[in-house]
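Order of the sequence lines fixes the chain letters, A, B, ..., with proteins taken first and strands second; residue numbering starts at 1 for each chain.
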Protein chains: 2
Amino acid sequence: MEFNDKQIEILETAERLFAAKGFDGTSVREIAKEANINLASISYYFGSKEKLMEAIFNYRINNAWFAVKTLVDDHSLSPIKKMDMLVDSVIDRISEKECFHRIMVRQQIIAKDDIVTKLINESRARNIEIINEIIRDGQQQKLFKKKIDTPLLVITMIGTIYQMMNTQDFYRQVHKLESLDETAFQHHIRLVLKAHLKTIFKTILINEA
Amino acid sequence: MEFNDKQIEILETAERLFAAKGFDGTSVREIAKEANINLASISYYFGSKEKLMEAIFNYRINNAWFAVKTLVDDHSLSPIKKMDMLVDSVIDRISEKECFHRIMVRQQIIAKDDIVTKLINESRARNIEIINEIIRDGQQQKLFKKKIDTPLLVITMIGTIYQMMNTQDFYRQVHKLESLDETAFQHHIRLVLKAHLKTIFKTILINEA
DNA sequence: AAATAATTCAAACGTTTGTTTTAATTCAAA
DNA sequence: TTTGAATTAAAACAAACGTTTGAATTATTT
């Protein structure tokens with residue numbers, strides 16, 4: 001799946017608009033205007049609005065867990081350290097590609113049997129497998145508990161990150177952090193999330209119930 | 001805010017369709033057809049599609065945390081028990097009104113300054129206040145830790161529940177639970193979620209880091 | 001330089017959109 | 001039973017939608 005500069009411009013503009021206004025709430029005319037390209041170019045390059053959405057997923061979903069995979073193969077790291085680094089990595093990755101993840105959440109709520117859902121599920125299955133490798137390792141070293149529901153663990157991790165993403169304005173307001181500039185606040189919630197999820201992970205993986 | 005039978009029929013049909021296909025993905029003609037009412041009735045009763053959405057939120061958001069409030073005032077319960085019951089209550093409530101919560105998640109991702117977002121934030125503020133009461137009580141009784149980020153705790157609770165709601169098909173598949181019928185599976189994930197979140201809550205509230 | 005392919009563009013296509021209009025009908029109070 | 005308001009129904013509205021067309025332009029190949 002190779003995209004030229006113009007296609008990438010369209011993809012990233014569409015991604016931004018889909019994230020902000022939803023797929024059905026964004027018109028192809030709006031995308032064309034915002035990307036400074038002609039209306040027909042979208043059909044020309046991608047075939048349709050639907051296929052443009054699929055292209056966004058192909059563009060983003062592939063090298064998503066590349067860094068995590070290399071993590072697993074590093075035998076100098078303890079499973080506990082690996083899980084900590086996993087948390088850091090996932091939070092940073094989602095923060096970087098916030099627009100895309102907003103689209104993914106919306107898509108997951110609606111779609112059931114389309115191509116995009118299939119892509120998401122394939123990616124999810126791969127991620128679970130990678131994390132399971134770390135956990136199995138930790139169990140063999142008697143560091144982790146025997147019974148661990150990996151998908152549930154991932155659900156709490158991703159769910160917490162997404163929920164923070166969607167309600168960060170409220171979180172900021174409650175904690176009276178309006179004085180912080182946007183960058184500082186984003187940095188702050190990343191740190192908070194990382195510490196929070198690492199604590200939760202240790203409970204689930206190590207401590208007794 | 002009083003609605004007659006016909007209005008409620010429209011509201012609940014619209015809720016179901018908005019949850020399944022999104023606000024922009026659902027046409028007023030579709031709602032009218034599905035609810036067996038005339039197209040013009042929607043404008044007649046609610047003014048516009050936008051106001052229909054607002055009506056759904058007014059219809060659902062009010063008595064949402066009614067049960068939880070009575071929980072707080074019951075002085076025969078320990079704060080720990082109260083938090084356990086809170087988890088049960090929230091999971092049951094969201095499960096019951098799944099369609100509405102799907103709409104809410106989608107709305108949160110997009111909306112920034114509209115009436116619906118204001119309604120959601122007001123509700124959230126009230127909920128945080130109620131939970132804070134329980135937690136303060138637990139802290140005074142030296143049962144809970146001193147520093148607790150209540151909004152963050154709620155974010156993990158709600159985020160985990162929502163993420164399970166959105167990815168339950170995948171969860172079912174990974175755990176090979178396709179043989180269970182829908183009701184049994186729904187019951188199962190509720191139990192799993194309840195135990196899971198109670199464990200997490202105890203870590204955050206009681207245990208040392 | 002000529003020919004061929006790839007891309008850009010404005011205009012138009014037929015649908016569908018949310019909403020309004022206007023007339024018919026139902027219903028309750030006088 | 002008459003009167004007036006509330007409700008229902010079908011038709012019409014302009015605007016916006018995704019997509020296609022065919023000519024103009026640019027780029028690549030021969």
Side-chain angles (χ1 to χ4, degrees), chain A residues 1-59 99 103 106-107 110-111 113-117, chain B residues 1-59 99 103 106-107 110-111 113-117:
Chain A
M1 207 69 66
E2 293 289 314
F3 299 112
N4 63 38
D5 290 356
K6 190 158 188 177
Q7 285 174 307
I8 288 173
E9 172 67 23
I10 297 172
L11 282 174
E12 295 186 348
T13 306
E15 180 184 56
R16 187 162 42 81
L17 289 172
F18 286 163
K21 319 177 60 172
F23 178 78
D24 293 303
T26 307
S27 71
V28 289
R29 281 171 179 80
E30 215 172 343
I31 298 168
K33 196 175 180 181
E34 199 77 18
N36 288 310
I37 52 111
N38 189 269
L39 172 60
S41 299
I42 291 171
S43 288
Y44 179 76
Y45 281 114
F46 298 100
S48 68
K49 191 187 178 187
E50 204 83 37
K51 294 231 181 85
L52 170 61
M53 179 65 126
E54 293 173 24
I56 292 174
F57 275 81
N58 281 315
Y59 177 57
C99 282
I103 296 175
R106 294 177 61 86
Q107 195 66 22
I110 285 188
D113 293 311
D114 64 339
I115 299 173
V116 168
T117 307
Chain B
M1 207 69 65
E2 293 288 313
F3 298 113
N4 62 38
D5 290 355
K6 191 158 186 176
Q7 286 174 308
I8 288 173
E9 171 68 23
I10 297 172
L11 282 173
E12 294 185 348
T13 305
E15 180 184 57
R16 187 162 42 82
L17 289 171
F18 286 163
K21 320 176 58 173
F23 179 78
D24 293 303
T26 308
S27 71
V28 290
R29 280 171 178 80
E30 214 173 342
I31 298 168
K33 195 175 181 182
E34 199 78 18
N36 289 309
I37 51 110
N38 189 270
L39 171 62
S41 300
I42 290 171
S43 287
Y44 178 75
Y45 282 116
F46 298 100
S48 69
K49 191 187 177 186
E50 204 84 38
K51 293 232 182 83
L52 170 61
M53 179 65 127
E54 291 172 27
I56 292 175
F57 275 81
N58 281 315
Y59 176 58
C99 281
I103 297 174
R106 293 178 62 85
Q107 195 65 22
I110 285 187
D113 292 312
D114 63 340
I115 300 173
V116 168
T117 306

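Tested against B:Glu30 for a salt bridge (charged side-chain N to carboxylate O under 4.0 Å, His left out), the candidates B:Arg16, B:Lys21, B:Lys49 yield a single pass: B:Lys21.
Taking the six-membered ring for Trp and thresholds of 30 and 60 degrees, B:Phe3 and B:Phe46 have ring planes inclined between 30 and 60 degrees apart.
Only B:Arg29, listed by number, bring a heavy atom of residues 12-32 of chain B to less than 4.0 angstrom from any atom of DNA chain D.
Rounded to whole Å, atom C1' of D:dG18 lies 11 Å from atom CD of A:Glu50. One can place NZ of A:Lys33 at 11 Å from P of D:dC17, the figure rounded to the nearest angstrom. Regarding A:Ile10, its CD1 atom lies at a distance of 11 Å from the P atom of C:dT7, rounded to whole Å. In this structure, A:Phe46 places its CZ atom 14 Å from C1' of C:dT7, rounding to the nearest Å. Atom pair A:Met53:CE and D:dG18:C1' shows a separation of 15 Å (rounding to whole Å applied). Here the P atom of nucleotide D:dA15 and the NZ atom of B:Lys49 are 19 Å apart, to the nearest Å.
For the residue pair A:Ala14 and A:Ile56, the shortest heavy atom distance occurs at CB-CD1, 4.0 Å. Residue B:Ala55 comes nearest to B:Leu11 through the heavy atom pair CB-CD2, 3.7 Å, listed as atom of the first residue, atom of the second, then distance. When all heavy atoms of B:Ala20 and A:Ile110 are compared, the pair lying nearest together is O-CG2, 3.4 Å.
In terms of modelled atom types and a separation under 3.5 Å, the side chain of B:Thr13 and the main chain of B:Glu9 share a donor-acceptor contact.
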Base-pair string, DNA chain C, Watson-Crick plus G-U, cut-off 3.5 Å on both distances, | for inter-strand, is ||||||||||||||||||||||||||||||
Could you walk me through whether A:Tyr59 and A:Gln7 pass the side chain to side chain donor-acceptor pair (under 3.5 Å) test, one step at a time? CA-CA 10 Å; A:Tyr59 177 57; A:Gln7 285 174 307; over 6 Å; no
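Side chains of B:Glu54 and B:Asp114 form no contact here, defined as non-hydrogen atoms less than 4.5 Å apart.
Note that the CD1 atom of A:Ile115 and the NZ atom of A:Lys51 stand 8.0 Å from one another [nearest 0.5 Å].
The 12-atom threshold is not exceeded at CG of A:Asp113, counting heavy atoms of other residues, nucleotides or ligands nearer than 6.0 Å. Within 6.0 Å of atom CG in A:Asp5, 12 or fewer heavy atoms from other residues, nucleotides or ligands are found, so the atom counts as exposed in its surroundings.
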Using a 4.0 Å heavy-atom cut-off, write out nucleotides 6-11 of chain D from 5' to 3' as B (base contacted by protein), S (sugar-phosphate only) or - (no contact). SBBBB-
